[in-house]
Amino acid sequence: MADDTQQADDRKVTRLAHRIKAFATSHGGAEAQIAYIGERGARIVLVGEDGGWGDLVAPTFETAEKAVEKAGITRHETFDGELAAKVQTGPYEWKRMAGIQIGG
(Lines give C-alpha, C1' and ligand atoms only; values in the text may rest on other atoms or scores of the structure.)
Protein backbone atom coordinates (compact mmCIF):
# COMPACT_ATOMS: atom_id res chain seq x y z
CA MET A 1 0.00 0.00 0.00
CA ALA A 2 2.83 2.41 0.83
CA ASP A 3 4.35 1.74 -2.60
CA ASP A 4 1.04 2.66 -4.25
CA THR A 5 0.91 5.92 -2.32
CA GLN A 6 4.53 6.73 -3.24
CA GLN A 7 3.84 5.97 -6.91
CA ALA A 8 0.78 8.23 -6.88
CA ASP A 9 2.84 11.02 -5.28
CA ASP A 10 5.59 10.54 -7.87
CA ARG A 11 3.01 10.81 -10.69
CA LYS A 12 1.66 14.08 -9.21
CA VAL A 13 5.18 15.50 -9.03
CA THR A 14 5.86 14.45 -12.63
CA ARG A 15 2.60 15.97 -13.92
CA LEU A 16 3.22 19.25 -12.12
CA ALA A 17 6.84 19.38 -13.32
CA HIS A 18 5.64 18.82 -16.89
CA ARG A 19 3.19 21.72 -16.59
CA ILE A 20 5.88 23.95 -15.05
CA LYS A 21 8.29 23.10 -17.89
CA ALA A 22 5.57 23.83 -20.47
CA PHE A 23 4.96 27.23 -18.89
CA ALA A 24 8.68 27.97 -18.82
CA THR A 25 9.07 26.96 -22.47
CA SER A 26 6.22 29.19 -23.61
CA HIS A 27 7.47 32.19 -21.58
CA GLY A 28 11.20 32.10 -22.35
CA GLY A 29 12.05 30.60 -18.96
CA ALA A 30 10.43 30.87 -15.56
CA GLU A 31 10.97 31.22 -11.83
CA ALA A 32 8.73 30.09 -8.99
CA GLN A 33 7.63 30.80 -5.45
CA ILE A 34 5.73 28.30 -3.34
CA ALA A 35 3.18 29.35 -0.72
CA TYR A 36 1.40 27.10 1.77
CA ILE A 37 -2.37 27.52 1.40
CA GLY A 38 -3.62 25.36 4.24
CA GLU A 39 -5.53 22.14 3.74
CA ARG A 40 -5.66 22.71 -0.02
CA GLY A 41 -1.88 22.27 -0.24
CA ALA A 42 0.56 24.71 -1.79
CA ARG A 43 0.36 27.30 -4.54
CA ILE A 44 3.19 27.41 -7.07
CA VAL A 45 3.35 30.91 -8.54
CA LEU A 46 5.23 30.97 -11.85
CA VAL A 47 6.70 34.09 -13.40
CA GLY A 48 7.97 33.89 -16.96
CA GLU A 49 10.94 35.78 -18.34
CA ASP A 50 8.48 37.64 -20.58
CA GLY A 51 6.51 38.89 -17.56
CA GLY A 52 3.68 36.38 -17.97
CA TRP A 53 2.55 34.63 -14.85
CA GLY A 54 0.37 31.79 -13.68
CA ASP A 55 -0.09 29.40 -10.83
CA LEU A 56 -0.66 25.77 -10.01
CA VAL A 57 -1.89 24.09 -6.85
CA ALA A 58 -0.11 21.05 -5.45
CA PRO A 59 -1.70 18.76 -2.85
CA THR A 60 1.22 19.30 -0.43
CA PHE A 61 4.11 21.71 0.04
CA GLU A 62 6.55 18.83 -0.38
CA THR A 63 4.97 17.86 -3.72
CA ALA A 64 5.29 21.46 -4.90
CA GLU A 65 8.94 21.60 -3.88
CA LYS A 66 9.74 18.35 -5.68
CA ALA A 67 7.91 19.47 -8.84
CA VAL A 68 9.74 22.81 -9.03
CA GLU A 69 13.05 21.03 -8.45
CA LYS A 70 12.25 18.40 -11.09
CA ALA A 71 11.29 21.15 -13.56
CA GLY A 72 14.71 22.70 -13.03
CA ILE A 73 13.65 26.30 -12.47
CA THR A 74 14.77 28.79 -9.85
CA ARG A 75 12.70 28.88 -6.67
CA HIS A 76 12.36 32.03 -4.56
CA GLU A 77 11.50 31.94 -0.87
CA THR A 78 9.30 35.04 -1.09
CA PHE A 79 7.30 36.80 -3.77
CA ASP A 80 8.85 40.21 -3.62
CA GLY A 81 11.68 42.27 -5.02
CA GLU A 82 13.18 40.98 -8.24
CA LEU A 83 10.59 38.26 -8.83
CA ALA A 84 7.59 40.53 -8.27
CA ALA A 85 9.12 43.21 -10.49
CA LYS A 86 9.13 40.79 -13.45
CA VAL A 87 5.34 40.34 -13.42
CA GLN A 88 3.58 42.26 -16.17
CA THR A 89 -0.07 43.03 -15.64
CA GLY A 90 -2.53 44.17 -18.25
CA PRO A 91 -5.93 45.86 -18.30
CA TYR A 92 -7.74 42.70 -17.18
CA GLU A 93 -5.67 42.36 -14.00
CA TRP A 94 -5.97 46.06 -13.14
CA LYS A 95 -9.72 46.01 -13.66
CA ARG A 96 -10.04 42.85 -11.58
CA MET A 97 -7.91 44.26 -8.75
CA ALA A 98 -9.90 47.49 -8.76
CA GLY A 99 -13.14 45.50 -8.58
CA ILE A 100 -11.89 43.63 -5.54
CA GLN A 101 -10.96 46.90 -3.83
CA ILE A 102 -14.41 48.42 -4.36
CA GLY A 103 -16.32 45.26 -3.61
CA GLY A 104 -16.88 44.09 -7.20
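Just so you know, these numbers come straight off a predicted model, no measurement behind them.
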Got Leu46 and Ile73 here, is their nearest side-chain heavy-atom distance under 4.5 Å? yes
When rounded to the nearest 0.5 angstrom, what is the spacing between OG1 in Thr63 and CG in Leu16? 7.5 Å
Taking the hydrophobic residues Ile, Leu, Val, Met, Phe, Trp and Tyr, and joining any pair whose side-chain heavy atoms are under 4.5 Å apart, which ones share a cluster with Ile37? Val57
Counting only heavy atoms from other residues, nucleotides and ligands, does the tally under 6.0 Å from CD of Glu49 exceed 12? yes
Nearest heavy-atom contact between Phe61 and Ile34 is CE1-CG2, 3.3 Å
Between Val45 and Val13, is there shared hydrophobic-cluster membership here, with clusters defined by ILVMFWY side-chain heavy atoms closer than 4.5 Å? no
How long is the straight-line distance from NE2 of His76 back to NZ of Lys86, given to the nearest 0.5 Å? 6.0 Å
When every non-hydrogen atom of Ala71 is compared with those of Lys21, the smallest separation belongs to CA-CE, 3.7 Å
Could you check if a side-chain atom of Glu65 sits within less than 4.5 angstrom of a side-chain atom of Arg75, using non-hydrogen atoms only? yes
Below 4.5 Å, heavy atoms only, C-beta onward: do Leu56 and Phe23 meet side chain to side chain? no
Residues Gln7 and Asp3: side-chain donor-acceptor under 3.5 angstrom: no
Mind listing the closest non-hydrogen atom pair of Lys12 and Pro59 along with its distance? CD-CG, 3.8 Å
Answer yes or no: are there more than 12 heavy-atom neighbours, outside Arg19 itself, under 6.0 Å from its atom CZ? no
Taking every heavy atom of Trp53 against every heavy atom of Arg43, the minimum-distance pair comes out as CZ3-NH2, 4.5 Å
I need the Asp10 CG to Thr5 OG1 distance, nearest 0.5 Å. 10.5 Å
